[in-house]
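Inspection log for the structure reproduced underneath, given as structure tokens.
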Amino acid sequence: MQPILEVKDLSISFTQYGRGTKQVLLPVIQDLSLTIAPGQVVAVVGSSGSGKSLLAHGILGILPYNSHMAGEITFLGQPLTPQRAAAVRGKEIVLVPQGVTYLDPLMKVGPQIRKGRRDQAAKAASRAVLERYGLGTDTEERYPFELSGGMARRVLIATAAAATPKLVIADEPTPGLDARSAKRVLSHFRELADGGAGVLLITHDLELALTISHRVAVFYAGETVEEANAADFTAGKLRHPYTRALWNALPQNGFVPIPGAQPGPGQVGEGCPFAPRCPKGRPECLGPVPYRALDGGLVRCLYPEGGERP
Amino acid sequence: MKHRLMFTGKKLIRMVLLLLGVSLAAFLLMSASPLDPLQTNVGQAALGTMSQEQIAKLEDYWGVNTPPVERYLGWLGDFIRGDMGTSLLYRQPVSTVIGQRLQSSLWLMAFAWVISGVLGLTLGVIAGARRGKLADKLIRGYCWLISSTPAFWLALVLLVIFSVWLGLFPIGLSVPIGADAASVTLSDRLYHAFLPALTLSITGVANIAMHTREKMADIMESDYVLFAKARGESTRSIVLRHGLRNVALPAITLQFASISEIFGGSVLVEQVFSYPGLGQAAVNAGLGSDLPLLLGITVVSAAIVFGGNLIADLLYGVVDPKIRRGVARK
Ligand code: SF4
């Protein structure tokens, strides 16, 4: 089956002014690769503030002007050039952003969903899509400040579903929601995938991500360090020491904190970025570490867990 | 509705207090003025030839012998009864003088207000939407140049170029010299008001454009504009649908706040163009110790400026859904 989205060796960096007029290139995402098949939910899990959102903006072609992107993005078998991204965003590729601040505060919900169209068909469509997410027709007449947190998320999903997309990119769609609303919001993404779309779920919440995802890519210091099937987590078949540490940090798995802190953009040197915190690190880890296939997944580690397995 | 009435009521009380304060301040400043009303208005030489009796009469006329407190309270008492007194310089009721002057000034200020508002908003929106691009640089350059140019100097430059060198516009006054009041046409008035109004507009534009630009640039960096981009909206649609909508509220505030600046600017500009408006009368009244006229003008202009801000606040309530809906819910 042809994948919906293929990202290969994607790097995103920013030009920043250092001391004086010297320009520095600040890498935020390095060599990120992932694949999404139709009907699949792929989660990119990483801690907050690690630049995950830029992945979404990069795919949509809406990065700020002082950024640079390298690597290959293929959408439905064709390269996703900036021109093509501009043509398909909002139609075939849609974004579900984090929260209510992404809605125009002075425009009612209805017109926002309709993107300025005023015809009867558009009105019927927006009503239908709101209803689909359990929002009454009165929602159309509300302003964003009149929506609760959960309603706002559902309105944002409605804006995405209104376009009948092939790829849905959800950028941290759950913070601030209680567990029940968060599960409900996530189940809507699963529905979209079950309808044949690909879903890219960008989140910091591994536990929630596992409830709906098929595959999980773990993001650390700008790189994907592991790509695994969701089932690998419960089966204990994890490859990278960071993934293992993330898993063990979950409340039900012992709540073990990870010592140290994640390096920020520009603080990553040669070699494995996890080396300073890794219990299994060896001197070789400071050299190049390739991203390689292992046991049905991918891992960027010289001495992965289970690597000793036959 | 009740809420809105309360709001307006409170504002009106504040306005009364403000006017009281402003008139008192103007009075105190005038009392402290080192200018002797007799010397400035009658002249040193003329005074020398007068008898003591005549001088005493003049002193009574200019209120030199009345204690300040009594003078102010006297003025205030009359004012509350609706009598603004008689101008000492023009020997006409203050209300008549202000009425006439305000009429000429209103042409000027309304013209400048509308032009600077429309142009300032347009330029500000363009500059903010295209931040860092050529259009933005040009507009910003213009604004900096203009804001660092004093209004009276700009007035002089325009006067020299358009009236003296090119001869396109009159050098001063609001109507043709020697013309009969009945024969003055609207086009005469516009013709005479053009240069002063242009000066006021040019200076007013800079301020409004710069502030609008800031707001617009913030909007263009907002989450909702990013999301609109992600949804495939064109820059044009983003500016028209989201930009203008969100810049409207600060623009209202700016626009009505600019009334006071236009008022202030008109004082200088009218002086340069010898345009017989309110600003010029204010200068005359101040220099000539015409207390009733000065207090009258002060109070009237403060009321107009305050009224402008009040309108802005009320409009805000109509335009901002947070206030509008908030009131409806209560
Ligand atoms: S490469 Fe070395 S330091 Fe990095 S995660 Fe693997 S074992 Fe640890």
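Note that the structure is predicted; figures quoted are calculated from it, not measured. Each chain gets a letter, A, B and so on, in the order its sequence line appears, and its residues count up from 1.
Interface remark: of the candidates Leu60(A), Leu95(A), Val100(A), Leu156(A), Leu95(A) forms the most heavy-atom pairs closer than 4.5 Å to chain B. Counting heavy-atom pairs under 4.5 Å between each of Ile113(A), Val88(A), Ile93(A) and chain B puts Ile113(A) at the top. Chosen from Glu221(B), Lys229(B), Glu233(B), the residue pairing most often with chain A at heavy-atom distances under 4.5 Å is Lys229(B).
Inspection of non-hydrogen atoms places Thr159(A) of residues 159-171 of chain A under 4.5 Å from chain B.
Annotation: side chain of Asp223(B) is not in contact with side chain of Gln98(A) (no heavy-atom distance under 4.5 Å). Annotation: side chain of Asp104(A) is not in contact with side chain of Phe227(B) (no heavy-atom distance under 4.5 Å). Contact of the Arg325(B) side chain with the Phe145(A) side chain is registered, since non-hydrogen atoms from C-beta on lie closer than 4.5 Å.
Between Leu106(A) and Arg245(B), the shortest heavy-atom contact is O-NH1, 3.3 Å. What you find for Pro105(A) and Pro321(B) is that their closest heavy atoms are O-CG, 4.5 Å.
The neighbour count for Lys91(A) NZ, taken as heavy atoms of other residues, nucleotides or ligands under 6.0 Å away, is above 12. The local environment of NE2 in His211(B) is sparse, with at most 12 non-hydrogen atoms from other residues, nucleotides or ligands closer than 6.0 Å.
Only the side chain of Leu249(B) comes within less than 4.5 Å of a heavy atom in chain A; its backbone stays farther off. Using a 4.5 Å cut-off between heavy atoms, Lys108(A) touches chain B through its side chain atoms alone. Contact of Ile62(A) with chain B is made through backbone and side chain together, with heavy-atom distances under 4.5 Å.
Of the possible polar contacts, none joining the Arg231(B) side chain to the Lys115(A) backbone as a donor-acceptor pair under 3.5 Å is found.
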### Residues Arg131(B), Tyr65(A); criterion side chain to side chain donor-acceptor pair (under 3.5 Å); working and verdict
CA-CA 11 Å; Arg131(B) 187 151 86 155; Tyr65(A) 65 95; over 6 Å; no
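Considering NE2 of His242(B) and CD of Gln112(A), their distance stands at 6.5 Å, rounded to 0.5 Å.
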